[in-house]
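All remarks here apply to the structure that follows.
Since this is a predicted model, take the numbers as computed values, not measurements.
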Amino acid sequence: MRRRLLAAAAVAVVAVPALIDTVPATADRAHPSVVSDDPVDWTPHVLDGTVWSLALVGDTVVVGGAFTKVADSSRRQTYERKNIFAFGLNDGAIRAFAPQVDGAVYSLAAGPDHSVYMGGAFKTVNGAQQRGLARMSLRDNTRYGSFNARVNWGDIRALVSRGERLYAGGTFSAVNGVQRLGLVRLNGETGSVDQSFDARLTGPGLKRVRVEHFDVSPDGNRLIAVGAFLRSNGADRTQIAQFDVGGSGAGLVNWYTDAFKPTCMKGFDTYLRQVKFSPDGSYVVVAATGRASSAQKLCDSAARFEVRATGRLNPTWVQRTGGDSLYAVAITGPAVYLGGHQRWFDNPYGTDGNGPGPGAVSRPGIGAVSPSTGKALEWNPTRSRGVGVRTFLVTPDGLLVGSDTDQLGREFHGRIGLFPLR
C-alpha cells in the first residue's frame with residue numbers, strides 16, 4: 001500500500017490547469033529501473049466496463065474505454081463519465097473533462113494546445129456527427145470543428161501523433177471518402193488525408209483487412225503495424241509489416257517474418273494484439289493471443305524482433321504463456337511489461353487444460369520479462385485476470401495500467417492503477 005499525502009488529492013472535480021504543452025510521445029519512455037509492485041493509493045477508479053486506452057497530456061491522464069461511472073480514490077464520490085474522462089497524474093484528482101461520446105473510445109493520442117485525439121466506435125461527439133475520430137480540448141470539453149476526419153464504417157483502434165501528422169489504424173476502408181484499408185495518415189490540424197501515404201494492405205481470403213495496432217519509432221522514421229492483412233504493396237507480409245515513414249510516403253521495408261504464418265485456433269483472422277518499439281528504437285515486442293498452446297508456434301505469446309535487421313527474421317526470443325492471451329505490452333529498458341489474462345510465464349510446455357509445464361512461474365494477469373532473454377523477471381504484483389490488461393502507459397515516474405478488473409497489486413483498483421518507480 002503506497003500513499004501520497006498531497007493537498008491536491010481532493011475529491012472535488014477540478015478544471016484542467018493551463019500547463020505548458022509537451023510534445024506527444026510515440027514510444028515508451030526509458031526508466032532507470034523496474035517499477036515497484038506496490039501501486040499508489042491515489043488513482044481514481046472506473047466502476048464498470050473496460051479501460052481500453054490511456055494518454056498523457058501535460059500532467060493530465062486521459063482515459064478511454066467503454067464505461068459509465070468513475071469514482072475518486074476514496075470511492076466516496078461517484079461521477080457520470082461515459083467512455084472518456086481525465087485525472088491528474090500527480091494527485092489523482094478527477095478533471096472536469098467530460099465530453100459526450102456515444103460509443104467506445106479504443107485509442108487516444110496527445111495533441112497540441114492541451115488537446116487529445118480520440119478514436120473508437122463512436123458516431124457522435126457532443127451531439128455532432130464525428131464518426132470514429134475526433135480532437136477534443138481538455139480545457140473546455142469542446143470538439144475541434146476544424147479537425148474534420150470521419151471513417152466510413154468500423155472503428156479506430158490505434159492512434160499515434162507526430163508533430164503535424166496523425167496516424168490512425170483500425171477496421172475502416174475509407175476516411176473522408178479516400179480509400180485507405182486499415183491504416184491512414186492525417187493532417188493533425190484539419191484531419192485531411194495525406195494522399196501520399198498508402199500502405200496498400202490487402203488480405204486475400206480474409207473477410208476484411210484491419211490494423212489491430214501499430215507503433216511509430218522514437219525518431220518518427222519507422223512504423224510497424226500488426227493485424228488482419230497478408231500483403232502490403234503486393235509483397236507477402238503476414239500479420240506484420242514495417243514501413244519507412246520518414247519521408248512523404250509509406251515505403252515498405254525489406255523486413256519481414258514468417259513466424260506468424262502458422263495458424264492458431266480456427267477463427268482468428270489475426271492473433272496479434274499489440275506491438276511496441278523499445279525506447280531506443282532498436283527492437284519491437286509483439287503481444288499475441290490465439291487460444292492455442294504450442295512450443296513451436298507464437299500463439300499466446302510475446303516475441304521480440306530486431307528492427308534494424310533486413311530480410312526474413314526469426315524472433316530473438318519468445319515468451320509463451322501456455323495457452324492464455326496477451327493483449328498489452330510496454331517497454332522501458334530494464335523491463336518488458338506484459339498484460340493479458342495469463343496465469344503463467346516461461347510456460348512453453350504447459351497447456352490451458354492441463355496446467356503449467358516444467359519451469360513455469362505464476363504471473364496472473366500481469367508480469368515483466370527481461371528485454372534480452374524474454375525470461376520472467378521477479379516482478380509479480382498480480383491482478384484479477386478478467387479478460388485482460390488492455391493498455392499500458394509509461395509515465396516519467398511509473399507505469400499506468402488499464403484493464404477490466406478491480407484487483408491490482410493485491411488491492412482494490414478499479415480498472416486503473418499506477419506502479420511508481422521504486
Side-chain angles (χ1 to χ4, degrees), residues 52 103-104 106-107 119-121 131-133 150-160 167-175 177-185 193 197-215 223-243 245 249-276 284 286-292 294 296-303 305 312-313 315 325-329 340 387-388 390:
W52 284 94
Y106 293 135
S107 52
R131 184 164 188 162
L133 276 164
R150 293 178 173 85
V151 300
N152 60 336
W153 57 270
D155 55 36
I156 298 293
R157 302 192 175 194
L159 291 170
V160 169
Y167 297 89
T171 63
F172 54 87
S173 60
V175 179
V178 180
Q179 182 176 335
R180 289 292 185 272
L181 289 179
L183 187 64
V184 68
R185 188 165 70 191
V193 174
F197 181 94
D198 189 354
R200 294 181 174 86
L201 299 174
T202 58
L206 300 180
K207 290 183 179 180
R208 64 181 179 183
V209 169
R210 80 173 184 273
V211 169
E212 190 71 27
H213 195 257
F214 69 91
D215 198 17
L223 181 152
I224 294 184
V226 298
F229 55 84
L230 301 174
R231 302 180 73 79
S232 174
N233 201 26
D236 187 7
R237 294 292 187 273
T238 301
Q239 298 195 77
I240 186 168
Q242 182 181 172
F243 302 93
V245 297
L252 185 66
V253 175
N254 179 26
W255 179 99
Y256 65 96
T257 181
D258 294 334
F260 298 113
K261 284 190 172 183
T263 59
C264 294
M265 184 169 285
K266 185 178 179 180
F268 283 89
D269 56 359
T270 178
Y271 50 91
L272 309 192
R273 290 295 176 260
Q274 273 198 13
V275 59
K276 285 290 186 70
V284 294
V286 181
T289 179
R291 298 181 64 189
S294 174
Q296 289 77 40
K297 298 181 181 180
L298 299 191
C299 315
D300 296 315
S301 74
F305 292 88
R312 184 173 66 86
L313 280 78
S325 298
L326 295 175
Y327 295 113
V329 57
V387 176
R390 294 297 187 174

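Shown here for Ser232 and Ala199, the closest heavy-atom pair between the two residues is OG-O, 2.8 Å. Here the closest heavy-atom approach between residue Ala121 and residue Tyr106 is recorded as CB-CE1, 3.9 Å. When every heavy atom of Leu159 is checked against every heavy atom of Gly119, the shortest pair comes out as CD1-N, 3.5 Å. Nearest heavy-atom pair, Pro204 versus Leu230, reported as atom, atom and distance to 0.1 Å: O-CD1, 3.3 Å. Closest approach of Gly154 and Arg131 over heavy atoms only: N-NH2, 3.7 Å. Between Arg180 and Asp198 the shortest heavy-atom distance is NH1-OD2, 3.6 Å.
Defined by atom type and a distance below 3.5 Å, a donor-acceptor pair is present between the side-chain atoms of Thr270 and Gln239.
The side chain to side chain donor-acceptor pair (under 3.5 Å) test applied to Asn152 returns Ser173, not counting sequence neighbours. In this structure, the side chain to side chain contact (heavy atoms under 4.5 Å, CB included) partners of Asn233, at least two apart in sequence or on a different chain, are Arg200. Listed by chain and residue number, Gln274, Val389, Phe392 satisfy the side chain to side chain contact (heavy atoms under 4.5 Å, CB included) test with Ala328 (two or more places apart in sequence, or in another chain). With sequence neighbours excluded, no residue forms a side chain to side chain donor-acceptor pair (under 3.5 Å) with Thr202. Applying the side chain to side chain contact (heavy atoms under 4.5 Å, CB included) criterion to Val209, with sequence neighbours excluded, gives Leu181, Leu201, Phe229.
Between Leu272 and Leu298 there is no side-chain heavy-atom pair separated by less than 4.5 Å. Taking the side chain as every heavy atom from C-beta outward, Ile240 and Val286 approach each other to under 4.5 Å. At least one side-chain heavy atom of Arg157 sits under 4.5 Å from a side-chain heavy atom of Thr171. Side-chain contact check for Ser325 versus Tyr271: every heavy-atom pair is 4.5 Å or farther apart. With a 4.5 Å cut-off on side-chain heavy atoms, Val175 and Val151 count as touching. Annotation: side chain of Tyr327 is in contact with side chain of Val387 (closest heavy-atom distance under 4.5 Å). Looking at heavy atoms from C-beta onward, Val184 lies in side-chain contact with Val193 at the 4.5 angstrom threshold.
Put simply, CH2 on Trp255 and CZ on Phe243 are 10.5 Å apart, with the number rounded to the nearest 0.5 Å. With rounding to the nearest 0.5 angstrom, the CG atom of Asp258 is 10.0 Å from the CG atom of Leu313. Between the CD1 atom of Ile156 and the CZ atom of Phe172 there is a distance of 4.5 Å, given to the nearest 0.5 Å. Note that CZ of Phe260 is 10.0 Å distant from SG of Cys299, once rounded to the nearest 0.5 Å. For the atom pair CG of Asp215 and NZ of Lys276, the computed distance is 6.0 Å after rounding to the nearest 0.5 Å.
Under a 3.5 Å cut-off, the side chain of His213 and the backbone N or O of Val275 do form a donor-acceptor pair.
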Output a table of donor-acceptor pairs, distance under 3.5 Å, between side-chain atoms of residues 262-269 and any protein atom two or more places apart or on a different chain; print 'none' if there are none.
unit_1	atom_1	unit_2	atom_2	d
Asp269	OD1	Arg210	NH1	3.0
Asp269	OD1	Arg210	NH2	3.3
Asp269	OD2	Arg210	NH1	2.6

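Classification of the Tyr167-Phe197 ring pair by plane angle, with boundaries at 30° and 60°, yields perpendicular.
At least one cation-pi condition fails for Arg312 and Tyr256: the charged atom is not both under 6.0 angstrom from the six-membered ring centre and inside a 45 degree cone around its axis.
Look at Asp300 and Arg291 and you find no salt bridge, because none of the NZ, NE, NH1 or NH2 atoms lies under 4.0 Å from a carboxylate O.
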